[in-house]
Amino acid sequence: MDTATASPARPRTVHHPLPPGPQAAGEARRSVARTLALHPARCPQEAACDILLIASELATNAVRHAVPPYALTISLDRGRAGICVSDGSLSLPQRADGHGTDATRGRGLQIVRALGADLFVSRSPRGKQVIAVLTWRDG
């Protein structure tokens with residue numbers, strides 16, 4: 001069940017716990033899709049597709065390289081979305097230098113950056129958050 005920060009003011013923020021296994025990425029996509037469907041005026045279709053891919057990549061990275069608990073938080077405003085996946089690991093993401101163009105793994109954060117998102121990592125006492133912020137021209 002999504003838990004939303006209830007406020008008529010912007011941005012719209014939804015926090016969603018993710019399952020502890022490989023199904024986390026699919027659950028992240030579904031949660032983001034529900035949020036976007038509830039607020040279609042806040043996000044053009046092209047940005048919505050990018051947001052879904054970013055959420056999927058961040059959740060997949062958490063499952064592959066970190067430990068539970070996992071959670072997704074999406075904050076949606078006109079012209080901007082923040083996508084955050086938290087996990088229970090204190091280890092920071094490693095740069096995937098040296099992966100060729102034919103690599104099948106290790107390019108998730110490169111994909112997120114290629115979509116134009118800014119990336120941030122924040123440690124907490126219980127793990128870390130990997131945050132992507134995507135902006136687009138509104139209107």
Side-chain angles (χ1 to χ4, degrees):
M1 180 170 162
D2 291 341
T3 305
T5 303
S7 170
R10 296 184 297 185
R12 169 79 173 159
T13 301
V14 175
H15 179 76
H16 186 80
L18 297 174
Q23 63 274 45
E27 186 62 29
R29 284 190 302 274
R30 286 187 291 279
S31 180
V32 168
R34 283 190 302 269
T35 301
L36 294 170
L38 290 172
H39 305 284
R42 293 190 183 213
C43 183
Q45 185 62 35
E46 183 177 315
C49 290
D50 291 348
I51 292 166
L52 284 166
L53 181 55
I54 289 168
S56 180
E57 289 296 332
L58 295 182
T60 298
N61 282 354
V63 170
R64 285 187 176 165
H65 305 292
V67 297
Y70 309 120
L72 167 78
T73 302
I74 181 168
S75 181
L76 186 61
D77 198 355
R78 291 185 185 268
R80 178 181 53 210
I83 307 101
C84 171
V85 172
S86 59
D87 62 58
S89 173
L90 294 173
S91 298
L92 299 179
Q94 300 296 311
R95 244 194 137 95
D97 295 331
H99 287 284
T101 57
D102 59 347
T104 59
R105 295 182 59 155
R107 297 184 352 186
L109 295 181
Q110 290 175 334
I111 292 169
V112 172
R113 284 188 193 98
L115 293 170
D118 294 316
L119 279 168
F120 306 91
V121 179
S122 174
R123 283 192 174 153
S124 73
R126 293 185 208 108
K128 70 176 169 303
Q129 299 175 323
V130 180
I131 305 156
V133 177
L134 184 67
T135 59
W136 60 87
R137 175 167 282 181
D138 186 37

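Small disclaimer: the values here were computed from a predicted structure and weren't measured.
- Shortest non-hydrogen contact noted between L52 and A33 is CD2-N, 3.7 Å.
- Taking every heavy atom of both residues into account, A24 and L18 meet most closely at O-CD2, 3.8 Å.
- The salt bridge (charged side-chain N to carboxylate O under 4.0 Å, His left out) check on R29 picks up nothing, with sequence neighbours excluded.
- The shortest distance between side-chain heavy atoms of T13 and H15 does not fall below 4.5 Å.
- Partners of S89 according to the side chain to side chain contact (heavy atoms under 4.5 Å, CB included) rule, which considers only residues two or more places apart in sequence or in another chain, are A66, V67, D87, S91, K128.
- The shortest non-hydrogen separation linking A132 to V112 is CB-CG1, 4.0 Å.
- We find the CG-CG distance between L53 and L134 to be 10.5 Å, quoted to the nearest 0.5 Å.
- Grouping the Ile, Leu, Val, Met, Phe, Trp and Tyr side chains by contacts below 4.5 angstrom, directly or via other members, places Y70 apart from L90.
- For the atom pair CZ of R30 and CD of Q23, the computed distance is 9.0 Å after rounding to the nearest 0.5 Å.
- Note that the OG atom of S86 and the CG atom of L58 stand 11.0 Å from one another [nearest 0.5 Å].
- When every heavy atom of W136 is checked against every heavy atom of A81, the shortest pair comes out as CZ3-N, 3.7 Å.
- Electrostatic pairing of R34 and E27 counts as a salt bridge here, judged by a charged N lying under 4.0 Å from a carboxylate O.
- Grouped with I131 in one hydrophobic cluster are F120, V133, the linkage being side-chain heavy-atom contacts under 4.5 Å among Ile, Leu, Val, Met, Phe, Trp and Tyr residues.
- With a 4.5 Å cut-off on side-chain heavy atoms, P93 and V130 count as touching.
- The structure places CD1 of I54 at 11.0 Å from SG of C49, a figure rounded to the nearest 0.5 Å.
- Here the CD1-CG distance, from I83 to L76, works out to 9.0 Å after rounding to the nearest 0.5 Å.
- In this structure, I111 is a member of the same hydrophobic cluster as V121, with clusters built from ILVMFWY side-chain heavy atoms closer than 4.5 Å.
- Atoms CG and CD, on L36 and Q45 in that order, are 8.5 Å from each other to the nearest 0.5 Å.
- Transitive grouping of hydrophobic side chains (ILVMFWY, heavy atoms separated by less than 4.5 Å) brings L92 and V85 into a common cluster.
- Note on L119 and L115: same hydrophobic cluster, where clusters join Ile, Leu, Val, Met, Phe, Trp and Tyr whose side-chain heavy atoms are under 4.5 Å apart, directly or indirectly.
- The heavy-atom pair separating A28 from L72 by the smallest distance is O-CD2, 3.7 Å.
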